[in-house]
Amino acid sequence: MTATTTVVINLPASEPVTLFKPEGDPGGIDQLATIVLEAAGRYDEYSDESAQFHRTQGWLGDSGEKYVKRAKRVALKAGRMRNTLKRTGRAVLACADRLRGHQRTYEEHVDRKRHLDRRLEALTAEIAAATNITIDQGKALQERADDLAVKYKSLVEDDRALARVARSNERLLAETLESANERDEVTDSSGGRPETALRAMQKPGSPMSGEATPEQVRAWWKELSNEERRAVIASYSHKIASTEGIPAEARERADRVRDEEVIIRLKEKAADGTITGEEADRLTKLQREADLEARERQGDKGDKDRD
Amino acid sequence: MPSIVVTPDVITREIRDWRKVVRLMKETEKAFAQASPAVLPPSVQEVGASFVQAWAGFAQESAEDADDVVTALEETLRDMTATDEQRAQQFTGLIGCGPGETFFTPPVVCEGDPAPPDLEQPTAEGGPAADRLAQRLGGQP
């Protein structure tokens, strides 16, 4: 008579049941940012023209004085509106970039889950077909099941993390747009700046006042949450790009956000025929650098794909 | 009394530049009006719609502001031209030409004047006919 032993293999569940998918169209959001930055370019032109109006020579007298006053007021208002649009456009561009990254992460999660599900299916089939297995064979099957369980758990955690950063990105985008759609806000220095960024810049050690030492700025940066860092990079890109004490990677990112905004704005002026010689030179230089960076990034991606 | 110096050329140039601003702002209004908030994540679409709608409105207001200046400048130019014409007619009367006869009316020749070889049409600067008027009125104060 042969003794039989039942071997129990605990199989993990395929999870998460539904992967978090970041919503929105990054290309479409880029286009929206382009509309915003092109508008900034037109307000720039408005402000420039108005500034020239109030330097008008050859019109003296009361009417001329009143005209100059009016042109000055208009130049100031248009300049402030341009600044709000620039800040908003930069923040929207940065949000689109992040969303693009989040959607790539989601695709990776889909691939990971598909791969794990295939392995789970194969293991399940193997167990179902197994007869007369030894204790050791049973242990080996359980180890494979445990390994799958660990990988599913890791995927669940990564999926939750993705949901967190994607929602934070959406909040930042909403705050940015909300801060620039009221009449008082569009001519205010806070226009186009999300609350998160404004609050972060009020904290001790921030580079806002220009008086903090690099050490104080370093400590300030360290205390910021990831959401606050993302907000200040997008909304204070000029400041962040040029402040010592902020990590090089963050400064480079701020630099890219700023350059991208300037390229779009100057392209609009070039298309409109209102670009100055100096601005045209700057556009050519920035465009060349951006193309080079894009080619380098493409090269890196190609290397990774081949790896 | 303040000095008053202005030429129609200055006003005309300002009008041209302000008209360009009006055009730029109208383009901006159109671009925002056509922007679609549907590209945004659903949780941001409502605020996105408010944003593009608000900016279409701001751009329209900016265009109207600039257009008001264009209108004021056009009126200024019209006033200047009309005043200049009226004064020219008034001075023509003072010079002694008959009623209803303007300085630029070809057949009129005032007594004692040498017969002009040709009476030129007025130009923006006044031309030789205006120079003669200036000579008759004496030097600038």
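All of these numbers come straight from a predicted model, not from anything done at the bench. Every chain is numbered from 1, with letters handed out A, B, ... down the list of sequences. Worth knowing before you read on, the calculation uses all heavy atoms, side chains too, and leaves out hydrogens, waters and symmetry mates.
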Item to check | Flag for A:Gln103-A:Arg100: side-chain donor and acceptor within less than 3.5 Å | outcome: no
Checklist entry - Distance only, no hydrogens: is a donor on one side chain within 3.5 Å (strictly under) of an acceptor on the other, for B:Ser43 and A:Glu170? => result yes
In terms of heavy-atom proximity below 4.5 Å to chain B, should [X] be classed as side chain, backbone, both, or neither?
{"X": "A:Leu173", "answer": "both"}
{"X": "A:Val92", "answer": "neither"}
{"X": "A:Arg42", "answer": "both"}
{"X": "A:Ser179", "answer": "neither"}
{"X": "A:Glu182", "answer": "backbone"}
{"X": "A:Ser63", "answer": "neither"}

Checklist outcome for this item: On a heavy-atom basis, the closest approach of A:Tyr46 and B:Ser62 is OH-O, 3.2 Å
Can you check whether [X] reaches [Y] side chain to side chain, under 4.5 Å on heavy atoms?
{"X": "A:Arg256", "Y": "A:Glu260", "value": "no"}
{"X": "B:Leu40", "Y": "A:Leu177", "value": "yes"}
{"X": "B:Phe58", "Y": "B:Phe32", "value": "no"}

Item to check | B:Thr76, part contacting chain A, at a heavy-atom distance under 4.5 Å | outcome: side chain
Item to check | Proximal component of B:Ala59, with respect to chain A [non-hydrogen, under 4.5 Å] | outcome: both
Relative to chain B, which of [options] shows the most heavy atom pairs under 4.5 Å?
{"options": "A:Val36, A:Leu99, A:Thr176", "answer": "A:Val36"}
{"options": "A:Glu45, A:Met81, A:Gln31", "answer": "A:Met81"}
{"options": "A:Leu32, A:Val74, A:Val186", "answer": "A:Val186"}
{"options": "A:Glu38, A:Arg171, A:Glu178", "answer": "A:Glu178"}

Checklist entry - Should the pair A:Arg193 and A:Tyr236 be classed as cation-pi, given the thresholds of under 6.0 Å to the six-membered ring centre and 45° from the axis? => result yes
Item to check | N/O donor-acceptor pair under 3.5 Å between A:Lys113 side chain and A:Pro16 backbone | outcome: yes
